[in-house]
Amino acid sequence: MEAHSMSGHVGLTGEDVGDHDGFRKHQNHHQDIIDVLQQIMAITDENLEEAQARKHALNYHKMKTALFDVLCEIKEKSALSIQGVQEKDSPDSHLMRLDNMLLAEGVGGPERGGASAAVVAAAAGGSPDDGTLEHAEYKEKLSQIRQIYHAELEKYEQACSEFTSHVMNLLREQSRTRPISPKEIERTVAIIHRKFSTIQMQLKQSTCEAVMILRSRFLDARRQRRNFSKQAVETLNEYFYSHLANPYPNEETKEELAKKCCISVAQVANWFGNKRIRYKKNVAKYQEEVNVYAMKTSGDVASVSSVASSANSPATPNSAFCYTPDGKF
DNA sequence: GTCGATGATTAACT
DNA sequence: AGTTAATCATCGAC
């Protein structure tokens, strides 16, 4: 602050470089330099009060406001129009994508991540209650990431606002002695915010990556794979082998089987897809299964009554046990 | 640690 | 849209 008032003082006096002829010019320059040097030396002799007083006097000089306005106007007109520096669109949209993702993962928002994590888990797999152990671990790790993220974000925001207000105060202070329009302050603030937002973006990016890694480790459907319960497999196999001639359950049947097996319709479709192809690939290997389920559905009704009765519900008409182990679909 | 079984994913096809 | 076929990744028994 003091340094600035000093330079201002020197600049004012050093400005009266008249346009004389060439011979005198050299001498004048020389004289100027000596003057400036003397003034600089004089400054060290000045005490702070004197300097402040002079600054005060300058600030409240009756011509000051008028001159200042003119200076501002000149600057506004001559300044290289910085407003052409429109920030690029891509980082903004990129930031928005990251924000959306963090929000979706339950990291970005103010709420706890539990609910959305459950949604993610349900969408990925469908196994409703198993894997709670890993799920808990996942949630814990996610909340860890969340904590770190929010702590960092807060730190950045605080640093940003601190720095911004500092710069603004500085500029406001300086605007009393040099022409700085509020617009310029605004622009500077915008620049600061942009700089900080790139840091923020890096934070968000790395958080996203961490979440992705975590997700792939805990919630990826393939990793989370659990074998269906014995009963579920029984039900599915029963339908399959009792409809071996055409093992293609329609949507309704799939829904029913899904409900019975406590799995999703998609999982039923997966199961039938896998079963069909694997059966077809090696009929001999499944011959035993064919026999077992043929026995079950035709003979031993009592032992599998609950399963069989549900499999033979009205929506799945299996009046004919037309299993034809010829491998043709 | 290996290996077959198994559920999920994917591209290509109809 | 729904399937097939190949493939991936994990499970579970040994």
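The chains referred to below are lettered A, B, ... by the order of the sequence lines, with proteins before strands, and numbering in each begins at 1.
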Tell me which nucleotide among [options] gets nearest to the side chain of [X].
{"X": "A:R278", "options": "C:dT3, B:dT6, B:dT9", "answer": "B:dT6"}
{"X": "A:E251", "options": "C:dG2, C:dC11, B:dA8", "answer": "C:dG2"}
{"X": "A:N227", "options": "B:dA8, B:dG7, C:dT4", "answer": "B:dG7"}
{"X": "A:F228", "options": "C:dC11, B:dA8, C:dT4", "answer": "B:dA8"}
{"X": "A:K281", "options": "C:dT3, B:dG7, C:dA6", "answer": "C:dA6"}
{"X": "A:R226", "options": "C:dT3, B:dT6, C:dC11", "answer": "C:dC11"}
{"X": "A:R225", "options": "C:dT4, B:dT6, C:dG2", "answer": "B:dT6"}

As a quick check of understanding, evaluate ring-ring contact (aromatic ring centres under 6.0 Å, His included) for A:F240 and A:Y279, giving each step before the final call. CA-CA 10 Å; A:F240 180 80; A:Y279 179 84; 5.7 Å; yes
Starting at [atom1] of [X] and ending at [atom2] of [N], how long is that distance when rounded to a whole Å?
{"X": "A:N270", "N": "C:dA6", "atom1": "CG", "atom2": "C1'", "answer": "14 Å"}
{"X": "A:N274", "N": "B:dT10", "atom1": "CG", "atom2": "C1'", "answer": "12 Å"}
{"X": "A:N237", "N": "B:dA5", "atom1": "CG", "atom2": "P", "answer": "14 Å"}
{"X": "A:N282", "N": "B:dA5", "atom1": "CG", "atom2": "P", "answer": "9 Å"}

Between A:K275 and B:dG7, is there a side-chain N or O to OP1/OP2 distance below 4.0 Å? no
Which nucleotide, if any, forms a Watson-Crick or G-U wobble pair with B:dT14, using both distances under 3.5 Å? none
Can you find a pair of side-chain heavy atoms, one from A:N282 and one from A:R278, that are under 4.5 Å apart? no
In terms of the angle between their ring planes, are A:H166 and A:F163 parallel, tilted or perpendicular, with boundaries placed at 30° and 60°? tilted
Give a yes or no answer on whether the side chain of A:Q267 reaches the backbone of A:S264 with a donor-acceptor pair at less than 3.5 Å. yes
